[in-house]
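Heads up, the thing below is written out as structure tokens.
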2 protein chains.
Amino acid sequence: MYRIGELAKACDINNDTLRFYEKNALLTPSSRSESGYRLYTEKDKNILQFILRAKGVGFTLAEVRELLSIEVNKADNACADVKTLVDIKLADVERKLAELARFQMSLKRLSDACCGGKESAEHCTILEALESNTDNVRHET
Amino acid sequence: MYRIGELAKACDINNDTLRFYEKNALLTPSSRSESGYRLYTEKDKNILQFILRAKGVGFTLAEVRELLSIEVNKADNACADVKTLVDIKLADVERKLAELARFQMSLKRLSDACCGGKESAEHCTILEALESNTDNVRHET
DNA sequence: ATAAACCTTATAGCTAGATCTTAGGTCAAG
DNA sequence: CTTGACCTAAGATCTAGCTATAAGGTTTAT
């Protein structure tokens with residue numbers, strides 16, 4: 001069991017952020033002490049880490065709340081709704097992955113060009129590096 | 001040459017956002033008309049599209065400003081500094097890519113589990129799907 | 001030549017997400 | 001048995017990134 005300050009420190013965030021997440025229905029501590037202190041379990045910590053990672057890749061807190069609320073249940077009629085939500089998020093993630101892959105290529109090019117690569121003079125800004133990516137696309141059928 | 005409203009419409013953003021980007025040193029129109037109207041070139045449009053894409057994958061405007069300011073120049077003494085900056089951003093992009101790949105796997109699992117996969121009952125929330133990812137890591141040497 | 005649709009600057013207001021302030025109550029160590 | 005680190009709730013404040021308003025000048029179509 002973690003008290004608020006312990007969990008906050010363990011995850012390198014502010015105590016107030018935890019209270020904020022609680023108020024906004026993202027993470028409610030599993031229990032309270034007799035004197036009203038918040039008590040977080042390991043599972044709570046996992047949820048927090050999920051929230052922080054999701055935030056780190058650009059999900060809003062509202063989206064994180066949606067992701068956390070997903071409960072696949074084959075028996076449930078809401079199954080189709082859940083699948084729809086998941087597939088929307090999946091498309092979003094895949095779009096981000098593709099975009100990031102382009103950034104990665106461009107940044108690699110810049111890094112190489114900087115100190116001694118063959119293409120030094122040609123790609124000297126990120127915009128040019130991005131454009132040159134498109135030039136070099138292999139036409140795979 | 002685009003006037004502010006034309007460029008804004010072409011890129012599906014608000015006129016005020018363009019003025020905001022100018023005030024915050026992200027995109028300054030290449031010229032002004034005699035009457036003071038902002039005039040944007042195709043190159044300006046490319047920069048804007050870069051800004052919007054970078055924002056879309058989770059860079060802050062301050063980071064975008066940094067990325068845009070990169071100018072690799074082998075002759076320049078600042079080369080090492082630029083390489084450092086680029087490599088920091090590259091590491092950041094690669095961290096995001098890895099994180100997104102995990103989300104992608106988990107979401108795929110959930111999508112499959114939902115309507116008829118073999119693993120239906122086992123992975124019914126995104127947290128469980130994420131945990132089961134770790135279980136299934138292939139130990140490639 | 002005048003209305004409608006655009007543009008200008010400057011400044012105020014909005015939402016998300018987080019942090020700080022106030023006025024206290026709790027708890028472990030000396 | 002008190003000091004200092006911790007906790008409580010409620011509400012104010014802060015930053016980023018827009019978005020809107022006010023008061024006026026410009027362009028284009030009729």
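Throughout, a chain's letter reflects where its sequence line sits, starting with A, and its residues are numbered from 1.
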Pairwise 5' ranking along DNA chain D for B:Y21 and A:K23, keeping only the more 5' one:
A:K23
Considering every strand and a 4.0 Å limit on heavy-atom distances, what is the contact class for A:I4: base, sugar-phosphate, or nothing?
sugar-phosphate
State whether B:F59 and B:K89 meet the cation-pi test: NZ (Lys) or CZ (Arg) under 6.0 Å from the six-membered ring centroid, and within 45° of the perpendicular axis.
no
For atom CG of B:L61 and atom P of D:dT19, their distance in whole Å:
12 Å
Without decimals, in angstroms, what is the distance between A:F20 CZ and D:dA12 P?
16 Å
Considering every strand and a 4.0 Å limit on heavy-atom distances, what is the contact class for B:S33: base, sugar-phosphate, or nothing?
nothing
For salt bridge (Lys or Arg N to Asp or Glu O under 4.0 Å), just list the numbers for B:E63 and B:K96, CA-CA rounded to whole Å, side-chain angles, deciding distance to a tenth of an Å, and then say yes or no.
CA-CA 15 Å; B:E63 288 175 315; B:K96 284 185 184 179; 5.2 Å; no
Select from B:N14 and A:R38 the residue whose nearest nucleotide in DNA chain D is closer to the 5' end of that strand.
A:R38
Can you name the nearest heavy-atom pair linking A:A8 to A:N15, along with the distance?
CB-OD1, 3.3 Å
Hey, does A:R3 reach any base, or is it just sugar-phosphate, or nothing, if we go heavy atoms under 4.0 Å?
sugar-phosphate
Starting from C1' on C:dA16, measure out to CG on A:N24 and report it in whole angstrom.
9 Å
Which whole-number value in Å describes the distance from B:F59 CZ to D:dG17 P?
13 Å
Side chain proximity check, B:D44 to B:T41, heavy atoms < 4.5 angstrom:
yes
